[in-house]
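Because the structure is predicted, anything quoted here is derived from the model rather than measured. Whatever order the structure lists ligands and atoms in, that order sets their numbers, starting from 1.
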Amino acid sequence: MRVYLGSDHAGYVVKRVLIRRLRELDHDPVDVGPHAFVQDDDYPPYVLETARRVVADPGSLGVVLGGSGNGEAIAANKVDGIRAVLAWSEDSARFGREHHHANVISIGARVHSVAETTRFVEVFVKAPVSRDARHLRRIGMLTDYEQRRRK
Ligand SMILES: O=C(CO)[C@H](O)[C@H](O)COP(=O)(O)O
């Protein structure tokens, strides 16, 4: 699976670890940036571009990383077609994918260890999406809202 990854300085180191891990698992990680550590860089350009790349590549997923993951989730969800979830446990990562068909996971690198972050991403990319009627109905309501807003 292709996985686009974007961050800021706070998520930069763990992003590199995740890219290596995703390659080991035979995924196709794409580093959307930053491509060098810059202490005071800003997450929105990297996260918005990661989200745009996910929407433009159906079936792909995104991982966005910052200090808390909060701003990154907000930014990713500004892009039409994105359902980004802030993961704070393995279950929250799994349910984000299964119940909400999240296509982007956001994680706080100052909140979770590298091992925890890696595990959240492993769980997220592996989780199947639910086809249960109630989940599809709820996702459909959000998609309808998004499409009406576009008109
Ligand atoms: O978590 C973040 C956004 O969600 C940022 O990584 C965080 O706000 C950066 O903080 P600072 O500029 O103080 O290093």
Side-chain angles (χ1 to χ4, degrees), residues 1-25 27-130 135 138-139 141-143 145-147 149-150:
M1 182 178 295
R2 189 141 39 246
V3 184
Y4 295 94
L5 297 98
S7 73
D8 66 356
H9 53 284
Y12 179 78
V13 170
V14 75
K15 173 164 63 72
R16 293 173 61 116
V17 173
L18 291 173
I19 288 168
R20 279 200 300 275
R21 181 65 186 141
L22 287 164
R23 280 203 190 107
E24 278 170 14
L25 295 173
H27 292 295
D28 178 16
V30 179
D31 188 350
V32 181
H35 297 290
F37 180 82
V38 177
Q39 180 62 53
D40 64 348
D41 64 4
D42 304 312
Y43 64 85
Y46 301 109
V47 171
L48 291 168
E49 181 58 16
T50 300
R52 281 192 288 261
R53 301 276 287 269
V54 170
V55 171
D57 185 359
S60 69
L61 295 176
V63 177
V64 293
L65 304 146
S68 68
N70 281 328
E72 291 71 23
I74 292 170
N77 277 314
K78 297 285 179 200
V79 175
D80 280 354
I82 288 298
R83 289 180 300 278
V85 291
L86 177 64
W88 45 272
S89 67
E90 287 188 32
D91 277 346
S92 70
R94 182 178 302 107
F95 291 140
R97 185 77 184 126
E98 280 182 9
H99 290 198
H100 313 298
H101 296 198
N103 47 11
V104 169
I105 186 173
S106 182
I107 306 171
R110 292 175 181 160
V111 181
H112 301 288
S113 67
V114 171
E116 285 170 341
T117 302
T118 304
R119 190 68 197 128
F120 297 168
V121 170
E122 288 172 353
V123 165
F124 183 74
V125 298
K126 208 171 151 197
V129 293
S130 165
H135 295 139
R138 293 160 191 165
I139 292 160
M141 289 173 180
L142 294 173
T143 305
Y145 174 81
E146 196 174 66
Q147 284 171 353
R149 198 184 52 178
R150 258 188 234 161

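Both the backbone and the side chain of Ser68 come within 4.0 Å of ligand 1, counting heavy atoms alone.
The shortest side-chain heavy-atom distance between Val38 and Asp40 falls under the 4.5 Å cut-off. Side-chain atoms of Tyr46 and Asp41, non-hydrogen and from C-beta on, do get closer than 4.5 Å to each other.
Numbered from 1 in the order shown, with element, the atoms of ligand 1 that lie under 4.0 Å from a heavy atom of Gly67 read 1 (O), 2 (C), 5 (C), 6 (O). For ligand 1 and Asn70, the ligand atoms under 4.0 Å from any heavy atom of the residue are 4 (O). Within ligand 1, counting atoms from 1 as listed, the ones closer than 4.0 Å to a heavy atom of Gly71 are 3 (C), 4 (O). The distance from ligand 1 to the heavy atoms of Ala10 drops below 4.0 Å at these ligand atoms: 6 (O). Close approach to Tyr43 involves these atoms of ligand 1, each under 4.0 Å from a residue heavy atom: 3 (C). Short contacts between ligand 1 and Gly66, defined as distances under 4.0 Å to a heavy atom of the residue, involve ligand atoms 1 (O), 6 (O).
Protein heavy atom nearest atom 12 (O) of ligand 1, with residue, atom name and distance: His9 NE2, 3.5 Å. The nearest heavy-atom contact from the protein to atom 7 (C) of ligand 1 is Arg110 NH1, 4.0 Å. Nearest to atom 4 (O) of ligand 1 among the protein's heavy atoms is Glu72 OE1, 2.6 Å. Scanning the protein for heavy atoms near atom 6 (O) of ligand 1, the closest one is Asp8 OD2, 2.6 Å.
Ligand 1 has no atom lying under 4.0 Å from any heavy atom of Gln39.
Ion pairing between Arg21 and Glu24 holds under the 4.0 Å rule for side-chain N and carboxylate O.
Remark: side-chain polar atoms of Ser106 are paired, donor with acceptor, to backbone N or O of Gly69 under 3.5 angstrom. A distance-only check finds a donor-acceptor pair linking the side chain of Asn103 to the backbone of Arg83 [under 3.5 Å].
No hydrogens or angles considered: nothing links the side chains of Arg149 and Tyr145 as a donor-acceptor pair under 3.5 Å. Residues Tyr4 and Asp57 have side chains that bring a donor and an acceptor to within less than 3.5 angstrom of each other.
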Next item on the list: For Thr117 and Val17, run side-chain contact (heavy atoms from CB on, under 4.5 Å): C-alpha distance rounded to whole Å, both residues' side-chain angles, the deciding distance at 0.1 Å, then the answer.
Entry: CA-CA 10 Å; Thr117 302; Val17 173; over 6 Å; no

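Using a 4.0 Å threshold on non-hydrogen atoms, atom 10 (O) of ligand 1 counts as touching the protein.
Atom CZ of Arg138 is surrounded by more than 12 heavy atoms from other residues, nucleotides or ligands within 6.0 Å.
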